[in-house]
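Below, chains carry the letters A, B, ... as their sequence lines are ordered, and counting in each starts from 1. All values derive from a computational prediction rather than experimental measurement.
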Number of protein chains: 2
Amino acid sequence: MKHEDSHQHSQQDSHQHSHHNHNDCIDTALETAETLCAEQGQRLTKVRRRALELIWESHRPLGAYQLLAKLAEEGFNSAPPTVYRALDFLLSAGLIHKVESMNAYLGCAHADKAHKGYFLICDECHNVMEFDYQDIHAALIEKAAHQGFELRAETIELTGLCAKCKEKSAGANA
Amino acid sequence: MKHEDSHQHSQQDSHQHSHHNHNDCIDTALETAETLCAEQGQRLTKVRRRALELIWESHRPLGAYQLLAKLAEEGFNSAPPTVYRALDFLLSAGLIHKVESMNAYLGCAHADKAHKGYFLICDECHNVMEFDYQDIHAALIEKAAHQGFELRAETIELTGLCAKCKEKSAGANA
DNA sequence: TACAATTTTGTTATGATATAACAAGTAAAA
DNA sequence: TTTTACTTGTTATATCATAACAAAATTGTA
Ligand SMILES: [Zn+2]
Ligand SMILES: [Zn+2]
Ligand SMILES: [Zn+2]
Ligand SMILES: [Zn+2]
């Protein structure tokens, strides 16, 4: 499998605003996945591996049924449980994130580091950028703890207008 | 309509950790809703008003179809558009919030002040507490702006264990 | 009032997202 | 090899949400 396209990637803290070859991302993500699964005695089966790859190949978060359609095209079973099982596995392995406000799934470039997925979601182009912000994480933990609340998971999804789309709309108004 | 029950409320910044009469909350929320709608030339019709009331009467975020069932019991139309229209109205009027990670709806006690809804969601009892944190809001805006991203909406949903449930589980283990 | 314009609601159908339940197959462990 | 655990296949269904168009109610205007 070759990954031909190059684009601006969505992982701010690893290669912020740099154009790069997305193939490398996919390959790295897949290698990381193999390693992590091996380490944890988890089985990255064909359908799970291909699901992860397809999610990475999409430049935007992918819906479960979109993914299911792609898998079906390739001869995998086309019933919903197939894709939801794969997604569940990838989610619990930390290899992907779910963007709750979009009901869609996104590859994580930092699966090897336990972390919360924080997202910037563009209303216009629907690109999603994952960002990492320890300050906010710490502040949230502290804030929650102050109320006696023990934090387990965080859904931080910020929507608005990305830099590119803001430029475009500014150009259109000029 | 009488509101009989008393419980710990979910609006941290208005009456943090205080036991109080929820009836008052509902009444206040409804009054605020009437006022806001009047000011903005919006019509708080019977079904919209009753939907808001039912959402407030629930101690947890209410799903659209749960709400629909309650409305249907009272003689309102029982087709989905009825409830989604009411929800859309209440959402855009800022009278309720949607909890994305639960697909459920929650009354807002601060409808008169424009704000983002930040939530602490207990995994155990499913109570949801709205909290207000200007520091985090400011930090998020700044963080996004730093990437050229113009923030429009925020989904901040923190899940974990609330103080009460933490106590309970500690007691069980003792 | 009568009329038109606007908004709201009724109704039917369908789309989109996700899970339950149980059978069959496959891989790992004993 | 036999057992066990895990994974996948299959059918059905649950849950969440919207499209499209008709009917009714409300509001503004003459
Ligand atoms: Zn991540
Ligand atoms: Zn954009
Ligand atoms: Zn609020
Ligand atoms: Zn709790």
### Query
Which pairs count as side chain to side chain donor-acceptor pair (under 3.5 Å) when at least one residue sits in residues 86-99 of chain B, sequence neighbours excluded?
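Pairs touching residues 86-99 of chain B that pass the test: B:H97-B:H115, B:H97-B:E130.
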key: Those residues of residues 89-97 of chain B lying under 4.0 Å from DNA chain C by at least one heavy atom   =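 Heavy-atom cutoff 4.0 Å gives no residues at all.
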With five pairs defining each end axis, the helix from C:dT1-D:dA30 to C:dA30-D:dT1 comes out bent, to 10°, by 30°
[X] has an atom [atom1]; how far is it from atom [atom2] of [N], in whole Å?
X     : N      : atom1 : atom2 : answer
B:R43 : D:dA24 : CZ    : C1'   : 11 Å
A:L62 : C:dA18 : CG    : C1'   : 16 Å
A:L44 : D:dC6  : CG    : P     : 17 Å
A:L68 : C:dT19 : CG    : C1'   : 14 Å

By side-chain contact (heavy atoms from CB on, under 4.5 Å) - contacts of [X] (at least two apart):
X      : answer
A:Y84  : A:A64, A:Y65, A:P80, A:L87, A:Y105
A:A145 : none
A:R60  : A:S58, A:H126, A:N127

Contacts of A:F76 meeting ring-ring contact (aromatic ring centres under 6.0 Å, His included) (sequence neighbours excluded), chain-then-number -> none
The ring-ring contact (aromatic ring centres under 6.0 Å, His included) partners of B:Y133 (sequence neighbours excluded) come to none
Review point. Considering the options A:L158, A:V99, A:L106, which one meets the side chain to side chain contact (heavy atoms under 4.5 Å, CB included) requirement together with A:I121?
Key: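 For A:I121, the side chain to side chain contact (heavy atoms under 4.5 Å, CB included) check succeeds only for A:V99.
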What residues form a side chain to side chain donor-acceptor pair (under 3.5 Å) with [X], not counting sequence neighbours?
X      : value
A:R49  : A:E34
A:R43  : none
A:T159 : none

Tabulate atom names and distances for all N/O pairs under 3.5 angstrom spanning the protein and nucleotides 8-17 of chain D.
from	atom 1	to	atom 2	distance (Å)
D:dT8	OP1	A:T45	OG1	2.7
D:dG9	N7	A:R85	NH1	2.7
D:dG9	O6	A:R85	NH2	2.3
D:dA17	OP1	B:K98	NZ	2.4
D:dA17	OP2	B:Y84	OH	3.1
D:dA17	OP2	B:Y105	OH	3.2
D:dA17	O5'	B:Y84	OH	3.4
D:dA17	N7	B:Y65	OH	2.6
D:dA17	N6	B:Y65	OH	3.3

